[in-house]
Structure formats: C-alpha cells, structure tokens
S.K.: 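Questions regarding the structure given below will be posed in turn.
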Number of protein chains: 2
Amino acid sequence: MRILVVEDDDRVARGLVTALRHAGYDVRRVATGAAALRAAPADVVLLDLGLPDVDGLDVLRRLRRSESTAVIAVTARGEERERVTGLRSGADDYVVKPFGTAELLARIEAVLRRTRAARATAPDHPVLRVGELELDTGARTAAVSGQPLSLTRKEFDLLALLAARAGSVVLRDHIVDQVWHATWEAPSRTLDTHVAALRGKLGGRLRIETVRGVGYRLVAVDG
Amino acid sequence: MRILVVEDDDRVARGLVTALRHAGYDVRRVATGAAALRAAPADVVLLDLGLPDVDGLDVLRRLRRSESTAVIAVTARGEERERVTGLRSGADDYVVKPFGTAELLARIEAVLRRTRAARATAPDHPVLRVGELELDTGARTAAVSGQPLSLTRKEFDLLALLAARAGSVVLRDHIVDQVWHATWEAPSRTLDTHVAALRGKLGGRLRIETVRGVGYRLVAVDG
DNA sequence: CGACGACCATGCGCATCCTCGTCGTCGAAG
DNA sequence: CTTCGACGACGAGGATGCGCATGGTCGTCG
C-alpha cells in the first residue's frame, strides 16, 4: 500500500514517514504541491494544505480526480470553516495538527477500508482469456492464437483493463484513471494513440470497438 | 439517502435530526443499540458510542457487517485511545462532541462519496428485455429481433430509461433529469427530436407512445 | 555521447451528434 | 367549433469526440 506525504516542514515530514514506514506502508514524501501531482499515484495522500507554492485546495481537487486515490487533509489551522471547505473539496478525512500517530494510522486504515473496493486489479485471476487472446497478468505476457505479442507497458495495462471487462464498455475516464492514474485535465489524444497501437498489434481476431462519447469495448471476432 | 441517528440524549438527537432533515436526508432516530440494529439498513449511521443498554463498539461491529452501510461514530469523550479503537472497530469516521453541524454534514458527504464510489465500481449492468427489444446496458448494445441496431449515446440512454420502466409512463422532466443531467427546459424540441430518431430506428415491433403533457411510454407490439 | 524505444502532447481533418428554431399538426377543454 | 398549448417534422449550425500523423521528452543501453 503506497502513501504519499505532502508536507513542507522537514521535521514533521520525517516523523510521519518514519511512523508510516514502521507500520508497513510504502511511503514517499514530497514538499510541494507540484511535486505531489507528479509523484502520484498513491493509495492515500496525506496532504498538508498549508503549502508554500500553490493553493492546497487546488492540489486536493486535482488529486481527487483519480477515484482510486484517497486524500487525508492535514493542517495546522483548526477552524471549522476550513475543515468544511477541505472536506467539501473532496478530502476523505481531515485532521488537525497536532495529532497522535495512532489515530492517524487508524484513520488511514478506515479510509483504505472504504476505497479498497474502488481499486481495480483482481490478483486472483492472473490469466485473462478473450477469444484467441491470452494475457498472463502475472508474467505480463500476451499471445493471440498462441503467437506471442510484444506489448509496451501502457499497451499491456490498457489491454488488460479492457480484457478484464471484455464485451462491456469501459469508460474513457475509467481507463485514464486506471492506466494513467491521471491527474490531468485537458482532453488529450494520448489514449487514442495507444488504442490505435493496440489495434495494429491485435490483428483480426480481436477488435477494440469505439463507443463514441463513452469509451471502448474489446470483443472477440468469431471466424 | 437514508441516515440513522443513534443517540440517547433527546435534546441532542432532536437537533441532529432537524439539521439532517433540513439538508435533505431521510432521517430516522433511535435511542438504543438494539433498536439501531433493528432499524438498519441505512446509508449512513450516526452512532453515539455512549449508549446505555449495550456496548457501542459491539453495535458498531455488527452494523459494519453490511458493506453498504457507513458508520460515523460520535462520542462525548475525546480520548485518542477511544477514537483509535472506534476507528479500528470499523467506523468510517469519528467525531467528538461538541461538533459543528456544517462539519458533520461535510463529513457525511465525504463518507457517502466513498461508499457511492465503491458501489459504482461493481455496478449492475442488467440486460433489459421488452418484447423483441434487447438492451445490454453493460456493452451498450441494442437489438430488435436479433438485429443489432446502432444508437447514439443519447438515444441509448433514453431508450434504456424507457425500457427500464416499459409499459408505464416516464415523465418528461424525469427523462431530462436522467439523460441530460439538467433541470433545464427552456422550451426546446431536443427531447422530441431524439424520440423521433428512436421511433425511426425501432421499427414496428416497439412503439414509443406519447402521453400529452406528461411523458412517454415504451410498449411492445405483438404481431 | 548518441541512438533508440516508449511515451506524451498537439493539431488537423472528419464524421457524427446534438441542439434549437420554425412551422405545421394534433389533441383536449370549453 | 374554436382556441390554445403541446408535440412532430424538418433542417441547418455548431459542438463534440475520435483517428492519425507529427514532434518533443525522458530514460536506457551500448
């Protein structure tokens, strides 16, 4: 489980990181909002709203674009109004310094309990089959009709996501969230590019259909 | 959205109920743990852990057996150790009296955001059948008598809505709400246009009937 | 260092799709 | 029968979303 600590005060940050590492989490720490957005994704982000470079609430809102990331806001100020706007902006929880390590850990667990369901990837089905396609999500290998195909990382992630919901439409936003862990806003043609690459590699036995305005759907072609 | 308030102090309870009702929730209130377990299910339970009849933590654990119910623990005691055990027992959040109404509402919203997201991850994508019409809401495909038909986004959403209530009238306002996610209605022929398009594509086996001044109704034509 | 592959951003072209206005028609109420 | 409001049938316009080609960035490896 990966936790990102966004905190500009070195002393506070070090204490947090140590405590979280000790609790068994994979912890990263950054000091600025910009770095936080770059360092995503994480399962939980501990976000100090009193950052020097940018508006903390803005960072919060961007982080929360990814459904699978939970955000716990942390501040020194204890005003109720601040807490309310923080929560309203999408924070899953809001704690005020100073706080106890045990409570923070308990709150992290509570948040994780709730977001676990929203996280994807079923580790119990490592091999996906759709028609002639076979994806080994453990070994990250793919083959069509026994012929191995070489996929790049993004291509594989994308195909695995589509294959896991074969026959159903997968929403564009959901793909962007899961494969790119995106925090970006401007509509980008990046996803299309990768879909095009996959279509080229898949050949005739599998088809990625476009559902305009919604997303994509992977189907096997019988023949 | 349904909220259950579990609180033995009448005065506090009344205040809570009023505030929550005012915020638009469907609120129920009980005074004991036993009654709380009987009154479930609810989307959110505000649980006072200082109940007279039973151990609050025990009630909490039982309520949390239902995945879709969120629990916010409320107590008068502010000890960190209490908060930790409350959260560890499965509470989604933990607030200490006295607390502000605005913050409580914000925390309820935050919790609901998460449980809703968890539900949206495993959504129901039923296959709707009306006469010869078959709509696969997961794949977003439609067919009449086995013949696939190609529908645009709005057309599909609209038809799915009508098909889900096949045989009964769906109000114009409700359609606008669900398909356009707007409460708009500057007089415009947009909805009519899409209905007309659907009628053209459906052919003779299905009919969309107009109920003047009310809405539309989808019916199968037996032939 | 230089080449290379993977990835990301951007812009254009194109095919729809949506919207909304006008006008004619229909239905219900009086 | 008349009147009035609601609906149906068009027909553009403008907006939207997608495919593809291109150029740039970054990290890796020889």
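By convention in this document, chain letters (A, B, ...) are assigned in the order of the sequence lines, proteins followed by strands, and residues within each chain are numbered from 1.
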S.K.: Using 4.0 Å as the upper bound for N to carboxylate O, is an ion pair formed by A/Arg140 and A/Asp157?
M.R.: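 Here A/Asp157 pairs with A/Arg140 in a salt bridge, since their nearest N and O are under 4.0 Å apart.
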S.K.: To the nearest Å, give me how far apart CG (A/Leu158) and C1' (C/dA6) are.
M.R.: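 Taking CG of A/Leu158 and C1' of C/dA6, I get 14 Å after rounding.
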S.K.: Whole angstrom is fine here: how far is it from CZ in A/Phe156 over to C1' in C/dA6?
M.R.: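 Rounded to whole Å, this separation is 16 Å.
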S.K.: Is any side-chain N of the basic residue among A/Glu209 and A/Arg207 closer than 4.0 Å to the acidic one's carboxylate O?
M.R.: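 A salt bridge is present here (some side-chain N lies under 4.0 Å from a carboxylate O).
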S.K.: Is it the case that B/Thr210 and B/Arg199 place a side-chain donor and acceptor less than 3.5 Å from each other?
M.R.: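 Yes, side-chain donor-acceptor contact under 3.5 Å.
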S.K.: Any side-chain heavy-atom pair from B/Tyr94 and A/Glu103 closer than 4.5 angstrom?
M.R.: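 Of all side-chain heavy-atom pairs linking A/Glu103 with B/Tyr94, none is under 4.5 Å.
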S.K.: So do B/Leu171 and B/Val176 actually touch side chain to side chain, heavy atoms under 4.5 Å?
M.R.: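 They are not in contact (no side-chain heavy atoms under 4.5 Å apart), so the answer is no.
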S.K.: Students should find this one: the first and last nucleotides of DNA chain D, 5' to 3', lying under 4.0 Å from a heavy atom of chain B. What are they?
M.R.: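 With heavy atoms of chain B under 4.0 Å away, the range is D/dG5 to D/dG17.
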S.K.: Against B/Asp93, only a single residue in A/Arg83, A/Arg113, A/Arg107 fulfils salt bridge (Lys or Arg N to Asp or Glu O under 4.0 Å); can you say which?
M.R.: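 Exactly one option meets the salt bridge (Lys or Arg N to Asp or Glu O under 4.0 Å) with B/Asp93, and it is A/Arg107.
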S.K.: C/dC8 P sits how many Å from A/His181 NE2, rounded?
M.R.: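 It works out to 11 Å between those atoms.
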S.K.: Could you state the CG-P distance from A/Asp157 to C/dA6, rounded to the nearest angstrom?
M.R.: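 Spelled out: CG on A/Asp157 to P on C/dA6 is 14 Å.
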S.K.: For the pair B/Ile208 and B/Leu202, evaluate side-chain contact (heavy atoms from CB on, under 4.5 Å) and give the outcome as yes or no after the intermediate values.
M.R.: CA-CA 9 Å; B/Ile208 299 178; B/Leu202 281 178; 4.0 Å; yes
S.K.: Dot-bracket notation for DNA chain D is requested: 5' to 3', Watson-Crick or G-U wobble pairs only, both distances under 3.5 Å, with ( ), [ ], | and . as defined.
M.R.: ||||||||||||.|||||||||||||||||
S.K.: Partners of B/Ala70 by side chain to side chain contact (heavy atoms under 4.5 Å, CB included), sequence neighbours excluded?
M.R.: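 B/Ala70: side chain to side chain contact (heavy atoms under 4.5 Å, CB included) contacts with A/Arg114, B/Asp92, B/Val111, B/Thr115.
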S.K.: What pairs with B/Glu132 under side-chain hydrogen bond (donor to acceptor under 3.5 Å, both in side chains), at least two apart in sequence or on another chain?
M.R.: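 B/Ser145.
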S.K.: Can you tabulate the close N/O pairs, meaning under 3.5 Å, that link protein atoms to atoms of nucleotides 15-19 of chain C?
M.R.:
residue	atom	partner	partner atom	Å
C/dT16	O2	A/Arg212	NH2	3.3
C/dC18	OP1	B/Lys154	N	3.0
C/dC18	OP2	B/Thr152	OG1	2.9
C/dT19	OP1	B/Trp180	NE1	3.3
C/dT19	OP2	B/Trp180	NE1	2.7

S.K.: I'd like to check the side chain to side chain contact (heavy atoms under 4.5 Å, CB included) partners of A/Arg29; sequence neighbours left out, ordered by chain and number.
M.R.: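 Once residues adjacent in sequence are excluded, the partners of A/Arg29 under the side chain to side chain contact (heavy atoms under 4.5 Å, CB included) criterion are A/Val5, A/Asp10, A/Ala13, A/Val17, A/Ala31.
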